[in-house]
Asks: 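Questions regarding the structure given below will be posed in turn.
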Amino acid sequence: QVQLVESGGGLVQPGGSLRLSCAASGFFFSKYDLSWYRQAPGKERELVAAISSTGGSTNYADSVKGRFTISRDNAKNTVALQMNSLKPEDTAVYSCHAQLEVYIGIRRKYDYWGQGTQVTVSS
């Protein structure tokens with residue numbers, strides 16, 4: 001069974017740090033690009049950070065550059081998001097996402113989502 005399970009969310013003060021982790025099972029984790037998304041109340045889901053299957057390429061939303069770091073451990077089937085200098089506007093449900101695109105005559109896309117973990121930044 002395919003599963004992505006996030007952990008590490010919680011309540012922190014502005015300027016604080018949290019480390020989110022996502023544990024995967026049931027699919028070829030090392031072949032997938034991974035990312036973290038977040039969705040705040042009343043807002044659309046947005047991409048926060050992404051990392052390639054090998055870990056050799058990353059990208060971040062402008063709002064989190066310099067503060068967040070995405071990493072993966074293919075041997076442990078995990079992806080993490082280190083969040084520093086947190087701001088109230090970072091408050092959201094954070095979800096991990098695994099994606100694979102293949103081309104065999106036509107392009108095919110496979111993706112999986114975790115259930116999400118709540119991050120609240122407040123004094």
Asks: Are V12 and F68 linked, directly or through intermediate hydrophobic residues, by side-chain heavy-atom contacts shorter than 4.5 Å (ILVMFWY only)?
Replies: yes
Asks: Compare every heavy atom of G9 with every heavy atom of V119, then report the nearest pair and how far apart it is.
Replies: CG2-CA, 4.2 Å
Asks: Does R38 reach the side chain of V64, with side-chain heavy atoms less than 4.5 Å apart?
Replies: yes
Asks: Considering all heavy atoms of both residues, which atom of K109 and which atom of Q99 are nearest to each other, and what is their separation?
Replies: CE-OE1, 2.6 Å
Asks: For the CD1 atom of I51 and the CG atom of L34, what is their distance to the nearest 0.5 Å?
Replies: 7.0 Å
Asks: To the nearest 0.5 Å, tell me how far C22 SG sits from N77 CG.
Replies: 10.0 Å
Asks: Okay, side chain of N74, backbone of S53: is any donor-acceptor separation there less than 3.5 Å?
Replies: yes
Asks: Begin from the C-alpha positions of D111 and Y32 and carry the test side-chain contact (heavy atoms from CB on, under 4.5 Å) through to its verdict.
Replies: CA-CA 8 Å; D111 69 318; Y32 283 69; 6.0 Å; no
Asks: Distance to the ring centre below 6.0 angstrom and angle to the axis at most 45 degrees; does that hold for R67 and Y60?
Replies: no
Asks: May I ask you to test the S21-K76 pair for a side-chain heavy-atom distance under 4.5 Å?
Replies: no
Asks: Mind checking whether I70 and V93 sit in one hydrophobic cluster, side chains of I, L, V, M, F, W, Y counted as touching below 4.5 Å?
Replies: no
Asks: Do L86 and L20 belong to the same hydrophobic cluster, where Ile, Leu, Val, Met, Phe, Trp and Tyr are linked whenever their side-chain heavy atoms lie under 4.5 Å apart, directly or via other members?
Replies: yes
Asks: Does D90 reach the side chain of M83, with side-chain heavy atoms less than 4.5 Å apart?
Replies: no
Asks: Is there a donor-acceptor contact under 3.5 Å from the side chain of R72 to the main chain of D33?
Replies: no
Asks: Show the nearest heavy-atom pair for residues P14 and S123, with the distance to one decimal.
Replies: CD-N, 3.7 Å
Asks: For E101, does the CD atom have more than 12 heavy-atom neighbours from other residues, nucleotides or ligands under 6.0 Å away?
Replies: yes
Asks: Could you check Q118 against T91 for side-chain contact (heavy atoms from CB on, under 4.5 Å), going step by step and ending with a plain yes or no?
Replies: CA-CA 8 Å; Q118 177 70 48; T91 296; 4.0 Å; yes
Asks: Quick check: is F29 connected to Y37 through a chain of hydrophobic side chains (ILVMFWY, heavy atoms under 4.5 Å apart)?
Replies: no
Asks: Under a 3.5 Å distance rule, please check whether T117 uses its side chain to pair with a backbone N or O of Y94 as donor and acceptor.
Replies: no
Asks: Identify the heavy atoms of C96 and V79 that sit nearest to each other, and give their distance.
Replies: CB-CG1, 4.4 Å
Asks: Short question: side chain of E6, backbone of G116 - any donor-acceptor pair under 3.5 Å?
Replies: yes
Asks: Is the shortest side-chain heavy-atom distance between S35 and L47 below 4.5 Å?
Replies: yes
Asks: Before we go on, tell me: are the rings of F27 and Y110 under 6.0 Å apart, centre to centre?
Replies: no
Asks: Ignoring hydrogens, what is the shortest heavy-atom contact between G26 and V2? Give both atom names and the distance.
Replies: O-CG2, 3.5 Å
Asks: If you look at every heavy atom in H97 and Y112, which pair is closest and at what distance?
Replies: CD2-O, 3.2 Å
